Amino acid sequence: MKTSNYYSVTLLHWYDRHHRELPWRITPVAAKAGFFANPYHVWLSEVMLQQTTVQAVKPYFAKFLSLWPKVEDLAAAPSGDVMAAWAGLGYYARARNLKKCAEAVANEHGGIFPDTEAGLKALPGIGDYTAAAVAAIAFNRQAAVMDGNVERVISRLFTIDAPLPGSKPQMKAKVAELTPSDRPGDFAQAMMDLGATICTPKRPACALCPFNSHCLALAKDDPERFPVKAPKKTKPVRVGAAFVAVTPDGEILLRRRIETGLLGGMTEVPTTAWTARIDGGTTPDHAPFPGDWQACGQIVHVFTHFELRLAVYRLSHEKIDTEGGDWWEPVTNLEAQALPTVMKKAIVQAIPLAFSKL
DNA sequence: CAAACGTGGCT
DNA sequence: TAGCCAAGTTT
């Protein structure tokens, strides 16, 4: 395989001077000296970074390493603890697969991550991108790493007019062609850093780009036009109701959602069935038990593929026996629960001080 | 293969 | 502000 090329040499030179320093990385100097990043750290960060910003990931990454310093610790953790720690980061299937993957590595691979793309991709929650990224970054394998940043850089450099996602194979071939055998991990991270800091979706800083003399989009087109994407569909609106029952002792009624689908395995207050492609009712008829439910406004939450409007109701009520895995939780302990953001919003709508430290 | 799957920040 | 976007994977 070709060792290097104009693009890899140029980009790695830029990366040596302009790389971002991130908690899960080692420096280019250390990498060139033969050190390797911790595969557990690289894997954990890559999963968290799927469709998620660096800024959002940083505190979660620190929290996870603090709670579970090694992959065996994560494998041994109760899944409820993992879901609670992930709460707020979104795409909760990632957390469920994270746990499964940790168990597989700990129990079937002796606590050692596979060091090949194929071996990594066989694990839960690791797809094309993550397998290549971990192989390249943690094991210095010559893997072609392509994420949204790389798609943007490549599509602009070579003015790829075909729309995504159909053009992925073509772009992946380009990335494979450019990825050097020397420092493939740094090359991958450099492509992503370039996309994140210079070759940005809007108003790219072409004047600062190491490729500005070779970029076809800059030379003869509009860089912002790339990558070309299929048009988006409009978001439907769904409605439903959420019910916040509070006891005189300050406990509220919670339950756990089923393991699959939207917010799978996460905790919620009782709601109408708004998930199942149908609108749930918005009236207190659908409450978990009868009572003088007080309307306390509406919350709006935007998911990836629909907008949800939930009517929120509150009821002060003596604690009653629960059924089917529901339970009463002290309001003072809500922070420790696996509550997704939409549920925190609903609770705050009913109990404005629920999450304040008073 | 198209659709499902969260959230917060930025323009 | 309404929409776009972020280190994608699974079904």
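Just so we're clear, the structure is a prediction, and the values are computed from it rather than from any experiment. Quick note on labels: first sequence line is chain A, next is B, and so on, each numbered from 1.
- For K232(A), whose side chain is taken as the heavy atoms from C-beta onward, the closest listed nucleotide among dA6(C), dG6(B), dC5(C) is dC5(C).
- A salt bridge is defined here as a Lys NZ or Arg NE, NH1 or NH2 lying under 4.0 Å from an Asp or Glu carboxylate O, and E329(A) with R255(A) fails to meet this definition.
- Side chain of K229(A), nearest nucleotide from dC5(C), dT7(B), dT9(C): dC5(C).
- Within the 4.0 angstrom heavy-atom criterion, only backbone atoms of the sugar-phosphate kind lie near R152(A); the bases stay farther away.
- Separation of the C1' atoms belonging to dG6(B) and dA6(C) is 12 Å when rounded to the nearest angstrom.
- Nearest-nucleotide assignment on DNA chain C puts the 5′-proximal partner with S45(A), out of N97(A) and S45(A).
- Among the protein residues, Q189(A) comes within range of no part of the nucleic acid, since none of its heavy atoms lies under 4.0 Å from any strand.
- For T341(A), a side-chain nitrogen or oxygen approaches OP1 or OP2 of dG8(B) to under 4.0 Å.
- With hydrogens and angles ignored, no donor-acceptor pair under 3.5 angstrom links the side chain of T53(A) to the base of dG8(B).
- dT9(C) and dG8(B): their P atoms are spaced 22 Å apart (whole Å).
- For the pair P340(A) and K202(A), nearest-nucleotide mapping onto DNA chain B gives the more 5' position to P340(A).
- Minimum interatomic distance between Q170(A) and A162(A) (heavy atoms only, all atoms of both residues): OE1-CB, 4.4 Å.
- Residues D326(A) and L254(A) fail the side-chain proximity criterion, which asks for heavy atoms closer than 4.5 Å.
- Atom CZ of F306(A) and atom P of dC5(B) are 7 Å apart (whole Å).
- Spacing between atom OH of Y92(A) and atom P of dC5(B) amounts to 14 Å, rounded to whole angstrom units.
- Of the candidate nucleotides dG6(B), dG9(B), dC5(C), dG6(B) has the atom nearest to the side chain of T52(A).
- Using a 4.0 Å heavy-atom criterion, one finds that L89(A) contacts the bases of the nucleic acid, with or without backbone contacts as well.
- Taking atom CD of residue Q55(A) and atom C1' of nucleotide dG8(B), one finds them 8 Å apart after rounding to whole Å.
- Among the atoms of the strands shown, base atoms are found under 4.0 Å from some heavy atom of V302(A).
- An OP1 or OP2 oxygen of dT9(C) is reached within less than 4.0 angstrom by a side-chain nitrogen or oxygen of T130(A).
- As rounded to whole Å, 17 Å separates atom P of dA7(C) from atom CG of D128(A).
- We find that D222(A) and R225(A) are not joined by a salt bridge, their nearest charged nitrogen and carboxylate oxygen being 4.0 Å or further apart.
- Within 4.0 Å (heavy atoms only), G261(A) reaches sugar-phosphate atoms of the nucleic acid but no base atom.
- Atom-to-atom, CG of L339(A) to P of dG6(B) comes out at 15 Å; the value is rounded to the nearest Å.
- Nearest nucleotide to the side chain of M192(A), out of dA7(C), dA6(C), dC5(B): dA7(C).
- When the nucleotides dA7(C), dT7(B), dC4(C) are ranked by their closest atom to the side chain of N149(A), dA7(C) comes out on top.
- Base contact: L22(A) has a heavy atom under 4.0 Å from a base atom.
- Between dA6(C) and Y91(A), no contact under 4.0 Å exists linking OP1 or OP2 to a side-chain N or O.
- Distance from the side chain of R94(A) is smallest for dG6(B) among the nucleotides dC5(B), dT9(C), dG6(B).
- Nearest nucleotide to the side chain of Q50(A), out of dT9(C), dG6(B), dA6(C): dT9(C).
- dT10(C) and dC1(B) are spaced 12 Å apart, taking the C1' atom of each and rounding to whole Å.
- Counting to the nearest Å, the P atom of dA4(B) and the CE atom of M266(A) are 21 Å from each other.
- OP1 or OP2 of dT7(B) has at least one side-chain nitrogen or oxygen of H301(A) nearer than 4.0 Å.
- Distances from the side chain of L49(A) to the nucleotides dT10(C), dA6(C), dA7(C) place dA7(C) closest.
- With rounding to whole Å, K235(A) atom NZ is found 11 Å from dC5(C) atom C1'.
- Using a 4.0 Å heavy-atom criterion, one finds that W24(A) contacts the bases of the nucleic acid, with or without backbone contacts as well.
- Residue L263(A) places its side chain closer to dG6(B) than to any other of dA6(C), dG6(B), dG8(C).
- Here dA7(C) is the nucleotide among dA7(C), dG6(B), dT9(C) with the atom lying nearest to any side-chain atom of R25(A).
- Comparing P165(A) and G264(A) by the nucleotide of DNA chain B whose heavy atom lies nearest to each, the residue mapping closer to the 5' end is P165(A).
- Comparing dA3(B) with dA7(C), their P atoms sit 24 Å apart, to the nearest whole Å.
- As a whole-Å value, the separation of K100(A) NZ from dT9(C) P is 15 Å.
- The pair K168(A)-D128(A) fails the salt-bridge criterion, with no side-chain N (NZ, NE, NH1 or NH2) lying under 4.0 Å from an Asp/Glu carboxylate O.
- A salt bridge links D16(A) with K32(A): the closest approach of a Lys/Arg side-chain nitrogen to an acidic carboxylate oxygen falls below 4.0 angstrom.
- Between Q51(A) and dA6(C), a side-chain N or O to OP1/OP2 separation shorter than 4.0 Å is absent.
- Between H305(A) and dA4(B), a side-chain N or O to OP1/OP2 separation shorter than 4.0 Å is absent.
- Contact annotation: K233(A) side-chain N/O to dA2(B) OP1/OP2 distance is not under 4.0 Å.
- Listed here is the closest heavy atom pair of R152(A) and F226(A): CG-O, 4.1 Å.
- Between K99(A) and E103(A) there is a salt bridge, since a side-chain N of the basic residue sits under 4.0 Å from a carboxylate O of the acidic one.
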